[in-house]
Amino acid sequence: MINVRRIGHATLETPDLDRQIEYYTQIFGLALTGREKGRAFLSTRLGQQTVVLEQGDQPRCTKIAFEADPNDDLTALSRALSDKSITAKRRSDATPAISDVLAFSDPKGTEIEIFTSAKMAPFDAAPSGFTPLKLGHLAFNVADIQKVVSFYTDVLGFRISDWRSDFFAFLRCGPDHHTINFASHGAHEKMHHIAFELKDWAEIQRACDFLGRHNYHLVWGPGRHVIGHNVFIYHKNPDGQIMELYCELDQMKQESLGYFEPRPWHQDQPQNPKVWPTDTLGSYWGGRAPPGFGD
Ligand SMILES: [Fe+2]
């Protein structure tokens, strides 16, 4: 089994590469670290590559890159995957950050790229409206949630943080409550949203004001989720994809202890991974999600 440690970047296809580059750099506070025909590479201003944009027919997430332990050997990992009847290929199609990846497909057809070392871009201190600290998680709607969750736990080493009934799963690969989540709302499969961490509430407020000033209006939030307990806001990028900005996500700092760091907004003390009821609120004190938000 691979034990991924961190999400690296998402590869997003877009029908309008220039428009998405402008959004991610001028509005969303990322830095452009490279561009070639039909592709662009974006990092946080702190230097971690987080988004790769590729010219394509429609907005969609085609690949997710995860960082494994630096001592892992990609050749050995490839053999371990082969033992599970998963065909992986080694690739060296360089991005500015990563030159060596092991690539294979997950059950919903998204390509998984495993890497063990990444170069950071230089710190970009130019002023921006707000400053995402990192890519935090991706959320997907999937048709067969049990199959996808089993793949992420058995092949990639994720742990289940919470379920909401049997149709919404939150998985972690490090201290963060979730690095990926899956919901099954029917047969359709797509990325539901992409989430970046901001430093704190003050930065969320800065983001609200900055986004509003540039005509990017919130589609939900601010609020505090119950599952994961992060403070959140959501808006849509020019491709119509939902972007989440959040802070104060639950943390399990010691995996062997099995509970999340106590916080005054928790429902249980300690807050352990569990199955939450179907009618659990999406927002603890904010408004409800707008109709169709989960679709
Ligand atoms: Fe989220």
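Heads up: numbering here begins at 1 and tracks the sequence. Order of appearance sets the numbers: ligands from 1, and atoms from 1 within every ligand. What you are looking at is a predicted structure, and each value in this text was computed from that prediction instead of being measured.
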(message) Here's a test for you: under salt bridge (Lys or Arg N to Asp or Glu O under 4.0 Å), which of Arg5, Arg6, Lys134 qualifies with Asp176?
(response) Lys134
(message) Using a cut-off of 2.8 Å, how many protein N, O or S atoms sit around the Fe ion (ligand 1)?
(response) 3
(request) Quickly, which of Phe170, Trp220, Tyr246, Trp285 forms a ring-ring contact (aromatic ring centres under 6.0 Å, His included) with His225? Name it, please. (result) Trp220
(message) Between Arg263 and His229, is there a side-chain heavy-atom distance shorter than 4.5 Å?
(response) no
(request) Check Ala10 against Leu135 and note the closest heavy-atom contact, atom names and distance. (result) N-CD2, 4.0 Å
(request) Considering non-hydrogen atoms only, spot the tightest contact between Ser43 and Thr33 and give its length. (result) OG-CG2, 3.2 Å
(message) Side chains of Ser161 and Arg172 only: does a donor on one sit below 3.5 Å from an acceptor on the other?
(response) yes
